[in-house]
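Handing you this structure, nothing more for now.
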Amino acid sequence: MNDSSLVANAAGFRAQLIDWYDQSARDLPWRSQPSLYKTVVSEFMLQQTQVKTVLPYFHNWLQVFPSFEALASASEEAVVKQWEGLGYYSRARNLHKLARIISDLDSIPTDAKSWLALPGIGPYAAAAVCSIVFSDPSAVVDGNVVRILSRLVADRSEYKTTTDAAKTHQSLATALLNHARPGDHNQAMMELGATVCQNQKPQCLLCPVQSICQAKAQGIETKIPRFNKTKAVKQTVERAWIVSPKGVLLYRIPQTASRMKGLHEMPSLEVLNLKTPKTSPLIVRKRSITKYRITERFHQISPEKAFNGDLPDHFLWANTDSIASLTFTGPHRKWITELIDIVSEKQQGSNTHANSAPDTKNSLNFRGSSNP
DNA sequence: AAGACGGGGCG
DNA sequence: CGCCCAGTCTT
């Protein structure tokens with residue numbers, strides 16, 4: 001890869017970039033009155049998650065956990081609950097661990113190498129936090145920076161993952177770093193990638209370094225960087241909508257599970273040991289989990305079919321009160337609302353024919369019947 | 001080195 | 001419906 005001319009002109013690159021950033025930086029909440037805590041929280045939330053998605057979560061988080069100490073004092077359950085819907089829940093657990101470590105520390109390390117040892121802190125986050133908060137001269141290489149650097153030098157290599165590409169470009173990023181303002185330089189790189197040097201439709205006319213971009217010169221900017229694409233895997237999950245006078249039947253993912261431990265969802269027919277009904281499902285919904293494209297079909301099932309005797313471990317009946325306090329996987333909280341509406345509408349119709357089935361909404365509103 | 005890990009937004 | 005997004009941890 002020929003990056004020698006870019007490195008030779010590093011001073012010019014830094015100046016163009018930082019001038020553009022001073023002019024164009026978005027007004028983001030973690031940038032106003034910055035602190036170590038706000039920076040760390042934002043960096044955790046922004047991993048694999050877009051700014052627009054993070055914004056409301058960041059705001060609410062600061063209200064509930066305004067400091068490392070407040071976060072350290074909270075239970076893990078409360079922390080995960082506050083993270084509900086953001087995904088990658090290990091981020092929340094690691095942020096919680098980090099808060100407890102930081103709170104106990106006599107002096108907080110200020111260099112990326114030391115931060116690398118902390119939970120949830122990888123090469124990217126260590127450089128980001130330490131450069132932004134402590135002016136540590138560490139260059140970040142995230143997906144944005146990979147895209148910018150790949151294009152600047154017209155790197156046609158095909159990469160397996162962003163991590164692989166990041167390793168390749170780390171030395172160039174380091175060579176370009178602005179040591180007078182490392183934090184702003186790093187944020188400027190990511191800002192440029194997010195708002196100008198975009199993946200699909202790069203806004204080259206707005207780019208402060210368009211004149212030195214080799215990919216642009218060759219007209220191949222949209223073809224770089226190259227990643228070998230992983231194909232999606234399709235799955236179907238059959239689930240049960242079971243309502244009794246005690247509420248709706250939910251499943252709590254065991255602590256022994258590899259992912260989403262302790263989170264709640266509507267039980268699959270598989271964990272209930274039930275066969276898929278011939279009748280059509282109440283609703284069918286789709287979601288994506290990393291490479292998986294999952295179709296979830298919700299079947300209405302009478303409570304007698306679920307269990308003969310006592311409720312086994314990991315199952316619970318939830319009414320509208322307890323549902324509010326539980327943490328759900330993905331969109332299951334939203335889907336419960338949809339199912340309640342659909343089933344209650346059906347019963348409205350059948351109730352006009354003078355037969356009286358138990359009403360779903362009344363069952364779920366039953367106070368005092370709660371989970372074991 | 002490869003796989004796993006969530007969810008929402010967008011064209 | 002396919003692709004994208006301020007990565008890290010585990011195996």
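Each chain gets a letter, A, B and so on, in the order its sequence line appears, and its residues count up from 1.
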### Message
Can you measure A/Asp164 atom CG to B/dA2 atom P for me and round it to whole angstrom units?
### Response
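One finds 7 Å between P of B/dA2 and CG of A/Asp164, rounded.
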### Query
What does A/Ala166 touch in the nucleic acid at a heavy-atom separation under 4.0 angstrom: a base, only the sugar-phosphate, or nothing?
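No contact at all - A/Ala166 keeps every heavy atom at 4.0 Å or more from the nucleic acid.
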### Task
For the pair A/Arg239 and A/Glu265, find out whether any cationic side-chain nitrogen is under 4.0 Å from an anionic carboxylate oxygen.
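Judged by the 4.0 Å cut-off on N to carboxylate O distance, A/Arg239 and A/Glu265 do form a salt bridge.
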### Task
For DNA chain C, determine which residues of residues 29-45 of chain A have any heavy atom closer than 4.0 angstrom to one of its atoms, and list them numerically.
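Heavy-atom contacts with DNA chain C come from A/Trp30, A/Arg31, A/Glu43.
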### Message
Nearest 0.5 Å, please: how far is OG in A/Ser131 from CG in A/Asn178?
### Response
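Rounded to the nearest 0.5 Å, the CG-OG separation comes out at 11.0 Å.
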### Task
Round to the nearest Å and state the distance from A/Lys334 atom NZ to B/dG6 atom P.
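That distance rounds to 18 Å.
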### Task
Could you list the residues that satisfy ring pair (Phe, Tyr, Trp, His ring centres under 6.0 Å) with A/Tyr124, not counting sequence neighbours?
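With sequence neighbours excluded, A/Tyr124 shows a ring pair (Phe, Tyr, Trp, His ring centres under 6.0 Å) to no residue whatsoever.
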### Query
Given side chains that start at C-beta, do those of A/Leu339 and A/Leu282 come closer than 4.5 Å, heavy atoms only?
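Sidechains of A/Leu282 and A/Leu339: in contact.
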### Query
Does anything in residues 130-144 of chain A reach DNA chain C, meaning a heavy atom under 4.0 Å, and if so which residues?
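The answer is A/Asp142, A/Gly143, A/Asn144.
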### Query
How far, in whole Å, is B/dG6 from C/dT10 if one measures between their P atoms?
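Approximately 13 Å lies between the P atom of C/dT10 and that of B/dG6.
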#### Entry: Inter-nucleotide P distance (B/dG11, C/dA6), Å rounded
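It works out to 16 Å between them.
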#### Entry: A/Glu43 bridged to A/Lys38 by N-O distance under 4.0 Å
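Salt bridge: no.
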### Task
Kindly assign one of parallel, tilted or perpendicular to the pair A/Phe134 and A/Trp115, based on the angle between their ring planes and the thresholds 30° and 60°.
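The arrangement is tilted - the two ring planes meet at 30° to 60°.
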### Task
State which residues pass salt bridge (charged side-chain N to carboxylate O under 4.0 Å, His left out) with A/Arg14; sequence neighbours excluded, sorted by chain then number.
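For A/Arg14, no residue satisfies salt bridge (charged side-chain N to carboxylate O under 4.0 Å, His left out) once neighbours in sequence are set aside.
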### Query
Once you round it to whole Å, what is the distance between C1' of B/dG3 and CZ of A/Phe227?
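My rounded result for the distance is 17 Å.
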### Query
Once you round it to whole Å, what is the distance between P of B/dG7 and CZ of A/Arg285?
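After rounding, the reported distance stands at 16 Å.
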#### Entry: Value in whole Å for how far the P atom of B/dA1 lies from OH of A/Tyr159
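Value for this atom pair: 14 Å.
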### Task
Please list, chain by chain and in numerical order, all residues satisfying salt bridge (charged side-chain N to carboxylate O under 4.0 Å, His left out) with A/Glu338, sequence neighbours excluded.
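Applying salt bridge (charged side-chain N to carboxylate O under 4.0 Å, His left out) to A/Glu338 gives A/Arg285.
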### Query
Quick one: salt bridge (charged side-chain N to carboxylate O under 4.0 Å, His left out) partners of A/Arg287, sequence neighbours excluded?
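Result, salt bridge (charged side-chain N to carboxylate O under 4.0 Å, His left out) vs A/Arg287: A/Glu296.
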### Query
Sequence neighbours excluded, which residues qualify as ring pair (Phe, Tyr, Trp, His ring centres under 6.0 Å) partners of A/Tyr37?
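A/Phe68.
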### Task
Can you sort out the partners of A/Tyr21 under ring pair (Phe, Tyr, Trp, His ring centres under 6.0 Å), two or more places apart, ordered by chain and number?
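Partners of A/Tyr21 by the ring pair (Phe, Tyr, Trp, His ring centres under 6.0 Å) criterion come out as none, since no residue qualifies.
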Check nucleotides 9-11 of chain B against the protein and report each pair of N or O atoms closer than 3.5 Å, with its distance, or say if there are none.
from, atom 1, to, atom 2, distance (Å)
B/dC10, OP1, A/Lys52, NZ, 2.6

### Query
A/Pro56 near the nucleic acid: base, sugar-phosphate alone, or nothing, with a heavy-atom cut-off under 4.0 Å?
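No contact at all - A/Pro56 keeps every heavy atom at 4.0 Å or more from the nucleic acid.
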### Message
What contact category does A/Gln187 fall into here, base, sugar-phosphate, or nothing, at under 4.0 angstrom with non-hydrogen atoms?
### Response
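Here A/Gln187 touches no strand at all.
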### Most 5' of A/Thr49 and A/Gly120 on DNA chain C, judged by nearest nucleotide
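Here A/Thr49 is the residue nearer the 5' end.
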### Task
Give, ordered by number, those residues of residues 81-100 of chain A having at least one heavy-atom distance below 4.0 Å to an atom of DNA chain C; if nothing qualifies, reply none.
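By residue number: A/Tyr88, A/Asn94.
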### Query
With respect to A/His169, which candidate in A/Val145, A/Asp155, A/Asp164 satisfies the side-chain contact (heavy atoms from CB on, under 4.5 Å) definition?
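Option passing the side-chain contact (heavy atoms from CB on, under 4.5 Å) with A/His169: A/Asp155.
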### Message
What's the separation between atom CG in A/Leu46 and atom CZ in A/Arg91, rounded to the nearest 0.5 Å?
### Response
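Answer for the CG-CZ pair, A/Leu46 versus A/Arg91, is 8.5 Å.
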### Message
Just so I know, are the side chains of A/Ser24 and A/Thr195 near enough to count as touching, which here means a heavy-atom distance under 4.5 Å?
### Response
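Of all side-chain heavy-atom pairs linking A/Thr195 with A/Ser24, none is under 4.5 Å.
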### Task
Using chain A heavy atoms and a threshold of under 4.0 Å, write down where along DNA chain C the contacts begin and end, 5' to 3'.
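Range of nucleotides within reach of chain A: C/dC1 to C/dC9.
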### Query
Does A/Gln198 or A/Leu118 map to a spot on DNA chain C nearer the 5' end, using the closest nucleotide for each?
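Looking at DNA chain C, the more 5' nearest nucleotide goes with A/Gln198.
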### Task
For the pair A/Asp142 and A/Asn144, evaluate side-chain hydrogen bond (donor to acceptor under 3.5 Å, both in side chains) and give the outcome as yes or no after the intermediate values.
CA-CA 5 Å; A/Asp142 71 338; A/Asn144 289 309; 3.2 Å; yes
Identify all side-chain donor-acceptor contacts of residues 50-60 of chain A below 3.5 Å with residues at least two apart in sequence or on another chain.
from, atom 1, to, atom 2, distance (Å)
A/Tyr57, OH, A/Glu84, O, 2.9
A/Asn60, ND2, A/Pro56, O, 3.3

### Same-atom distance (P) from C/dT8 to B/dG9, integer angstrom
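Roughly 24 Å separates the two P atoms.
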### Task
Look up atom CG in A/Leu28 and atom CD in A/Glu191, then write down how far apart they are to the nearest 0.5 Å.
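Nearest 0.5 Å value for the CG-CD distance: 6.0 Å.
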### Residue met sooner reading DNA chain B from 5', once A/Gly330 and A/Thr161 are mapped to nucleotides
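By nearest-heavy-atom nucleotide position, the 5'-most residue is A/Thr161.
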### Query
Checking all strands, does A/Thr329 fall into the base, sugar-phosphate, or nothing category for heavy-atom contacts under 4.0 angstrom?
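Sugar-phosphate contact only.
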